[in-house]
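Below is one structure, written out as structure tokens, with a few remarks after it.
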Amino acid sequence: MRALTSLLQIPLDIVDRQHGRLFLWLPVCFAVGIGLFFAQSLEPSRVLLWMLAGAGALALLALRRMPHRAAPLLIAVVAVIFGFVNAGLRTHLVAEPVLGFRYYGPVEGRVIKIDRSASDALRLTLDEVVLRDVSPERVPARVRVSLHGRQDFVSPAPGMRLAMTAHLSPPPGPTEPGGFDFQRMAWFDRLGAVGYTRVPVLRVAESDPTPLLWVHQLRQSLSTALQSRLSGQIGAFSAAILTGDRSGISLDTAEALRGANLSHLLAISGLHMGLLTGAVFYALRLMLAMIPGAALTWPIKKIAAAGALVAGGFYLALSGFNVATERAFVMVSVMLVAVLLDRQAISLRAVALAALILLLIQPEVLPEPGFQMSFAATTALVAVFSIVRRMSLMTRWPRWMRGLATVVLSSAVAGIATAPVAAAHFNRISDYGLIANVTAVPVMGAVVMPSAVLALLLTPLGLQGLALAVMGQGIRWILFVAGTVSSWEGAVSRIAAPPPSTLPLIALGGVFVILWRGRWQVLGVLPVAAGFLLWALHERPALLVSDDGGLVGRLSAEGRALSKPKGAGFAARVWLENDGDRPDQARAAARPMPPLDVAGVRIKHVTGRGWQEAAQTACRHADLVIVNKVWEGARPEPCLVIDLAVLRQSGALAFREERGALWLDTAYGVAGARYWNTPELREGKAVTAREARAKRPPVALGLRFEVEAGEVRLVQREK
């Protein structure tokens, strides 16, 4: 007993040294619980969620009787439990019907969002949807339709009811096992179907006179005015940063900004929200200070903070309530409310509170790159500048040198903190991004955003022209920097996608280094190093197959060779990007296609006319044949045939060699049986792990192929 007591004394002593920092760990533990929820291969039942919630509540009640020193450990466990439960609760709260089949016919609905697709097509999100011959209880709450062809008969606006003839289908699954899960994102967006139309859209009813419509009209008017006063890409850039309208940004400009690591300047996110609210805060405070006696009798700092908060809310509405802007508004609001409450505005505690609020409201943002990059940069910046301020490293420097050093240091710290996240999600690193950010971001903060605020204030007087001209010159410089830096040789390095465990290891290690007190702090370097080591050793699948069986990609000495130059373009682009290759499908299709055989298993891919006869012939010389059609009748012997019926259940396939054997991973096998990809769960049926395996062909679980004495043996792999 004495030995056990001594053993327990060690973690209690360690926790004692973290006094004053324990709140900072609360969102970390909460995020761990959310991450564990999304990592499950089988949807947690409601009974389990209720049991966990009850256990967490009882643990909180037991805190009063626990020793004060042990309470933080129990609170950490409870935070993990509540994070898990919160994600499960959110999953049930957003539940809406998902289209279970391909639909072609009339679609009617009310416009609630207007944006553009990756191909720059206008895209509408509709609610109050009506589909022909589909019962109301099976109609998705929201559908998203891309508009192709001539569409100049109607100018869509939020609140307008439109009708069209469209192709709709369920949200697609990952393009490869372990890849980006669009189905999960669509589930939390209440998006039950996606599609397109090539015929003109018709207006059924005028727009409802709602505040949303008024804000949209204001956005459109402001965007039009900006692009008329500031011509070309300068006007398009100004419209993007002030209204969120990126329709005028050309592909060349967007690519130049990405190549120079300046594309974050286009998104209305934390930088823009911070710059705008900061400009409003200091402008209001300066104007109030100029009023005789006001600085002595009025709380001008709090008045300025309240005004900046209102300005931030207006900016949020003007952006169309973009998700990134909502996240930025929460972070800025926490800091401005801290000013109102006479607290320190910029601190790790404020960052932790903002993260906790966001994860509580929208736990699904945890896997998103925007959330990860925002808090990685903010946490690192606050921590580094706290050290600089505490050690008085710049106090004796001249003012101009301190300003320059602050810009360089903040750009370097933010770049280093977000580089692993950006590389993991976007498979690229801008090698000269630091140079571009050091020369462009200060202009954004000191010239562009203040000029934009000044232009808005002077608009009622008709004097906004000078402010807009100054803003235009600042934007011209930013675009010049982007074009110059992105044109340098080696400006962009392509990075292969890491394994799923890499980012969690790097994140937890980095957080430990920043938040922990004491000599144990250095231990945080170990998981960071482990994450990068796993990334470096990770091998991409030797063979990939799209979920419709029409496209295969085989790794070769020149890169991944694709089976066709067109078709399944999205899957092809994602595969090549995840390989760390350029997303050029035509070039990849021109590469010599090596044999599809992996680890001694002979594999053939058959498509086109006469596919069934060709597959039967291929089966005589192959162990496994992949076809993009449903095989009717008896399967050929002795090979294994993976046809479209199997692929619809398994999703995309990835073949890899491991320990001399070939392993087959499937998209749905890796994603598991969750609400967003399993109709039985959405219909209220309880699905056990055994039933989930039974409802899908064995290939959906992953198969291991072993070659012995010239024969292929299939061994089912248990998850």
Side-chain angles (χ1 to χ4, degrees), residues 117-121 146 148 169 172-180 182 196 251-252 254-255 258-259 426-428 492-497 539-599 601-615 617-618 621-622 624-629 641-644 646-648 650-657 662 664-667:
S117 66
S119 61
D120 204 37
S146 297
H148 298 280
S169 60
T175 56
E176 64 174 80
F180 170 68
F182 178 76
Y196 65 92
L251 294 177
D252 290 340
E255 186 59 32
R258 280 193 292 267
F426 306 121
N427 308 110
R428 57 192 294 164
V492 176
S493 295
R494 305 285 172 171
I495 306 296
E539 295 183 1
R540 293 283 295 153
L543 178 66
L544 291 168
V545 181
S546 63
D547 58 2
D548 63 356
L551 180 70
V552 300
R554 179 68 166 86
L555 273 182
S556 67
E558 299 180 16
R560 191 172 300 275
L562 300 180
S563 59
K564 58 183 181 181
K566 293 183 179 180
F570 181 71
R573 187 176 82 241
V574 173
W575 291 355
L576 294 172
E577 287 179 347
N578 288 344
D579 289 339
D581 200 351
R582 293 185 179 276
D584 188 340
Q585 183 176 359
R587 190 190 66 168
R591 294 167 177 163
M593 176 66 77
L596 303 184
D597 305 352
V598 181
V601 176
R602 297 167 299 176
I603 303 173
K604 297 293 183 182
H605 179 231
V606 176
T607 60
R609 294 182 179 179
W611 64 271
Q612 198 156 7
E613 292 78 8
T617 301
H621 309 284
L624 189 149
V625 175
I626 302 167
V627 297
N628 65 335
K629 302 291 184 181
V641 174
I642 297 180
D643 67 347
L644 186 57
V646 173
L647 289 169
R648 286 171 180 168
S650 69
L653 307 178
F655 296 81
R656 56 189 174 84
E657 184 176 355
L662 184 139
L664 172 59
D665 293 315
T666 69

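Only this structure's heavy atoms are used, side chains among them; waters, hydrogens and symmetry mates stay out.
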The side chain to side chain contact (heavy atoms under 4.5 Å, CB included) partners of S556 (sequence neighbours excluded) come to E558, P594

side-chain hydrogen bond (donor to acceptor under 3.5 Å, both in side chains) partners of T175, counting only residues at least two apart:
none

Can you establish whether the number of heavy atoms outside K564 located under 6.0 Å from its atom NZ is more than 12?
yes

Reported CG-to-CZ distance for the pair L562 and R554, which is rounded to 0.5 angstrom:
13.0 Å

Roughly how far, to the nearest 0.5 Å, is the CG atom of D597 from the CG atom of L624?
10.5 Å

For E539, which residues count as a salt bridge (Lys or Arg N to Asp or Glu O under 4.0 Å) partner, sequence neighbours excluded?
none

On a heavy-atom basis, the closest approach of V552 and L543 is CB-CD1, 4.3 Å

Does the Q585 side chain pair with the main chain of G567, one donor and one acceptor, at a distance under 3.5 Å?
yes

Exercise: identify the closest heavy-atom pair between L555 and P541:
CD1-O, 3.5 Å

Could you work out, with side chain to side chain contact (heavy atoms under 4.5 Å, CB included) as the rule, every residue matching T607, not counting sequence neighbours?
H605, N628

According to side chain to side chain donor-acceptor pair (under 3.5 Å), does anything in residues 570-583 pair up with another residue at least two apart or in another chain? List the pairs.
E176-N578, R540-D579, R560-D579, D581-R587, D581-R591

Please identify each residue that fulfils side chain to side chain contact (heavy atoms under 4.5 Å, CB included) with K604, with sequence neighbours left out.
A618, A622, V625

Can you list everything that forms a ring pair (Phe, Tyr, Trp, His ring centres under 6.0 Å) with F182? Sequence neighbours excluded, please.
none

So, for V545 and I626, which heavy atoms are closest and what is the spacing to 0.1 Å?
CG2-CD1, 3.6 Å

Decide side chain to side chain contact (heavy atoms under 4.5 Å, CB included) for F655 and I603; before the verdict, give the C-alpha distance in whole Å, the side-chain angles of both, and the deciding distance to 0.1 Å.
CA-CA 10 Å; F655 296 81; I603 303 173; 4.1 Å; yes

Looking at every non-hydrogen atom in both residues, tell me the closest pair between D548 and L644 and how far apart they are.
O-CD1, 3.6 Å

To the nearest 0.5 Å, atom NZ of K566 lies from atom CG of L551 at 14.5 Å

Quick one: side-chain hydrogen bond (donor to acceptor under 3.5 Å, both in side chains) partners of D252, sequence neighbours excluded?
none

Looking only at heavy atoms, which two atoms of A121 and H148 are closest? And how far apart?
CB-CE1, 3.8 Å

Identified side chain to side chain contact (heavy atoms under 4.5 Å, CB included) partner of L653 from the options L647, L544, D665
L647

How far apart are the closest heavy atoms of A667 and P177, and which atoms are they?
N-CG, 3.6 Å

Distance check, rounded to the nearest 0.5 Å: I495 atom CD1 versus N427 atom CG?
8.5 Å

